[in-house]
Amino acid sequence: MDKILISTNEQDYNHAISKIQLLKKEAEKLDIIIQQYTGAVLTQEVYTDVLFHKGSQIKENYKQQLEADIKKLKITSPKTIQTMMAGVKEFAEEIYFYIESLRGDDRMKYASYLSIQEGKAVVKQEALDHLYEEFKNYASTPEEIELYNAQKEACESLNKLLQITKKNFPGLRFNLPMNFYTGFFDFSGNSIEVKPILFDLLTAQHSKQTVEEINKYKQAEKEVKDQENKKILDTVHEKLPVVNASHRTADISNSILI
């Protein structure tokens with residue numbers, strides 16, 4: 001049975017890549033140290049010796065090289081010999097501090113991902129491919145594949161439920177993801193059951209929304225009628241004749257005298 005790729009942890013993979021890039025920069029520093037003391041570029045053999053054997057071989061080689069130079073140059077002055085051999089201690093200290101700078105950092109486990117070529121650290125592509133595979137999650141056994149397929153079916157059903165809820169009851173909101181599940185389903189028994197109380201709430205909310213919409217419509221209709229009535233009254237008032245107030249007073253006075 002073929003395995004099924006479920007996910008890839010890209011974040012952790014990128015974090016591992018950053019560790020490898022840091023280790024690559026540290027290798028360049030080591031190359032400078034090696035050239036400074038031995039005059040030779042960093043090799044894969046020396047790199048492995050420093051990282052995994054504390055540089056014991058390269059330090060011994062450097063010591064033997066100095067002794068050979070002293071013998072070859074026929075140097076007999078104790079002071080000169082002492083000065084030259086002091087380089088062995090300095091070289092050992094440089095190697096020590098370099099190793100200490102890597103201590104406690106998990107990037108050391110990626111040392112095998114580097115290849116030293118002409119003094120330069122190169123990241124192996126096949127190693128990166130292998131690394132990327134490590135951060136992939138698969139369902140491989142029959143039990144895992146059955147579980148994953150059941151998850152997919154449940155996910156599709158839940159997405160359908162969510163879409164229907166948004167379409168038919170847009171006012172319904174779930175503050176937390178868990179509220180969505182506990183709102184629709186009852187987990188108290190041995191099996192998951194539909195929670196009927198939520199449908200009562202949905203119906204009540206839907207009815208409330210319907211009443212509110214009707215009231216808003218009636219209020220808007222009343223406002224329109226009020227505006228129309230006001231316009232009619234204004235038109236009537238404009239057509240009525242204007243009566244002089246002084247004539248009206250005189251007419252009233254004459255009526256009293258009679």
Side-chain angles (χ1 to χ4, degrees), residues 1-27 44 47-48 51-52 101-117 120-210:
M1 182 178 294
D2 294 335
K3 60 183 180 180
I4 300 175
L5 176 63
I6 299 176
S7 64
T8 303
N9 195 331
E10 296 286 349
Q11 184 176 356
D12 286 352
Y13 172 72
N14 291 331
H15 182 68
I17 290 296
S18 67
K19 293 288 186 180
I20 294 173
Q21 293 299 331
L22 286 174
L23 197 61
K24 180 181 176 182
K25 290 183 178 180
E26 293 297 331
Q44 183 68 51
Y47 184 66
T48 302
L51 291 187
F52 301 105
S101 69
L102 302 178
R103 189 181 297 277
D105 197 325
D106 62 354
R107 57 186 155 172
M108 282 293 292
K109 66 183 180 182
Y110 299 117
S112 61
Y113 287 70
L114 298 180
S115 173
I116 307 301
Q117 301 175 10
K120 303 296 181 183
V122 178
V123 181
K124 301 175 184 177
Q125 184 57 50
E126 61 273 18
L128 290 182
D129 294 339
H130 175 73
L131 178 67
Y132 192 63
E133 191 67 24
E134 289 183 3
F135 290 96
K136 291 181 178 180
N137 299 310
Y138 290 96
S140 53
T141 66
E143 294 79 9
E144 291 172 347
I145 293 174
E146 182 181 17
L147 176 61
Y148 175 67
N149 288 333
Q151 281 183 292
K152 283 182 63 179
E153 291 176 6
C155 187
E156 291 170 0
S157 298
L158 288 173
N159 280 326
K160 182 178 180 180
L161 175 62
L162 182 60
Q163 294 303 319
I164 292 174
T165 304
K166 288 181 178 179
K167 180 181 71 173
N168 297 336
F169 304 95
L172 186 63
R173 295 288 184 271
F174 297 98
N175 296 330
L176 295 172
M178 184 53 66
N179 292 347
F180 175 79
Y181 304 109
T182 57
F184 278 107
F185 306 106
D186 183 2
F187 295 88
S188 60
N190 295 327
S191 61
I192 301 173
E193 304 291 340
V194 173
K195 181 176 285 187
I197 188 173
L198 180 61
F199 290 92
D200 295 338
L201 294 175
L202 288 175
T203 303
Q205 183 183 22
H206 185 63
S207 300
K208 180 181 177 183
Q209 288 176 344
T210 303

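In what follows, residues are counted from 1 in the order of the sequence shown.
The CD1 atom of I4 lies 13.5 Å from the CG atom of N137; values are rounded to the nearest 0.5 Å. The distance from the NZ atom of K3 to the CD atom of E144 is 11.0 Å, given to the nearest 0.5 Å. Taking CD from Q151 and CD from E156, the interatomic distance works out to 12.0 Å, rounded to the nearest 0.5 Å. To the nearest 0.5 Å, atoms OH (Y110) and CD1 (I20) are separated by 6.5 Å. Distance check: C155 SG to L162 CG gives 10.5 Å after rounding to the nearest 0.5 Å.
Shortest non-hydrogen contact noted between Y47 and A111 is CE2-O, 4.2 Å. For the pair K124 and L114, the tightest heavy-atom approach, listed with the atom from each and the gap, is CE-O, 3.6 Å. Residue S101 comes nearest to E26 through the heavy atom pair OG-OE1, 4.1 Å, listed as atom of the first residue, atom of the second, then distance. Nearest heavy atom pair, residue A139 against residue Y148, reads CB-CB, 4.3 Å. Across every non-hydrogen atom of D12 and N9, the tightest pair is OD2-ND2, 2.8 Å. Nearest approach of F185 to I192, heavy atoms of both residues: CB-CG2, 3.6 Å.
Surrounding NZ of K152 are at most 12 heavy atoms belonging to other residues, nucleotides or ligands under 6.0 Å away.
One side chain, E133 or Y138, offers a donor N or O that lies under 3.5 Å from an acceptor on the other.
Counting heavy atoms from C-beta on, the side chains of I145 and T141 never come closer than 4.5 Å. Proximity of V122 to I116: side-chain heavy atoms (C-beta onward) are nowhere separated by under 4.5 Å. At least one side-chain heavy atom of L158 sits under 4.5 Å from a side-chain heavy atom of Y181.
With hydrogens and angles ignored, the 3.5 Å screen pairs no side-chain donor or acceptor of E146 with any backbone N or O of P142. Although no hydrogens or angles enter the test, the distance criterion places a donor-acceptor pair under 3.5 Å between the side chain of K195 and the main chain of T182.
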Using the rule given for side chain to side chain donor-acceptor pair (under 3.5 Å), can you reason through E10 versus Y132, listing the C-alpha separation, both sets of side-chain angles and the distance that settles it, and then say yes or no? CA-CA 9 Å; E10 296 286 349; Y132 192 63; 2.6 Å; yes

List the steps and the verdict of side chain to side chain contact (heavy atoms under 4.5 Å, CB included) for Q21 and S18. CA-CA 5 Å; Q21 293 299 331; S18 67; 5.6 Å; no

Side chain to side chain donor-acceptor pair (under 3.5 Å) between Q125 and D129, worked out: CA-CA 6 Å; Q125 184 57 50; D129 294 339; 3.0 Å; yes

Could you walk me through whether S191 and E193 pass the side chain to side chain donor-acceptor pair (under 3.5 Å) test, one step at a time? CA-CA 6 Å; S191 61; E193 304 291 340; 2.9 Å; yes

Begin with the C-alpha distance, continue with both residues' side-chain angles, and end with the deciding distance and a verdict on side chain to side chain contact (heavy atoms under 4.5 Å, CB included) for V194 and F184. CA-CA 6 Å; V194 173; F184 278 107; over 6 Å; no

What verdict does the side chain to side chain donor-acceptor pair (under 3.5 Å) test give for H130 and E134, after you've listed the backbone C-alpha separation in whole Å, the side-chain angles of each residue and the deciding distance to 0.1 Å? CA-CA 7 Å; H130 175 73; E134 289 183 3; 3.1 Å; yes

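The one candidate from L131, L128, I17 that meets the side chain to side chain contact (heavy atoms under 4.5 Å, CB included) condition with V123 is L128.
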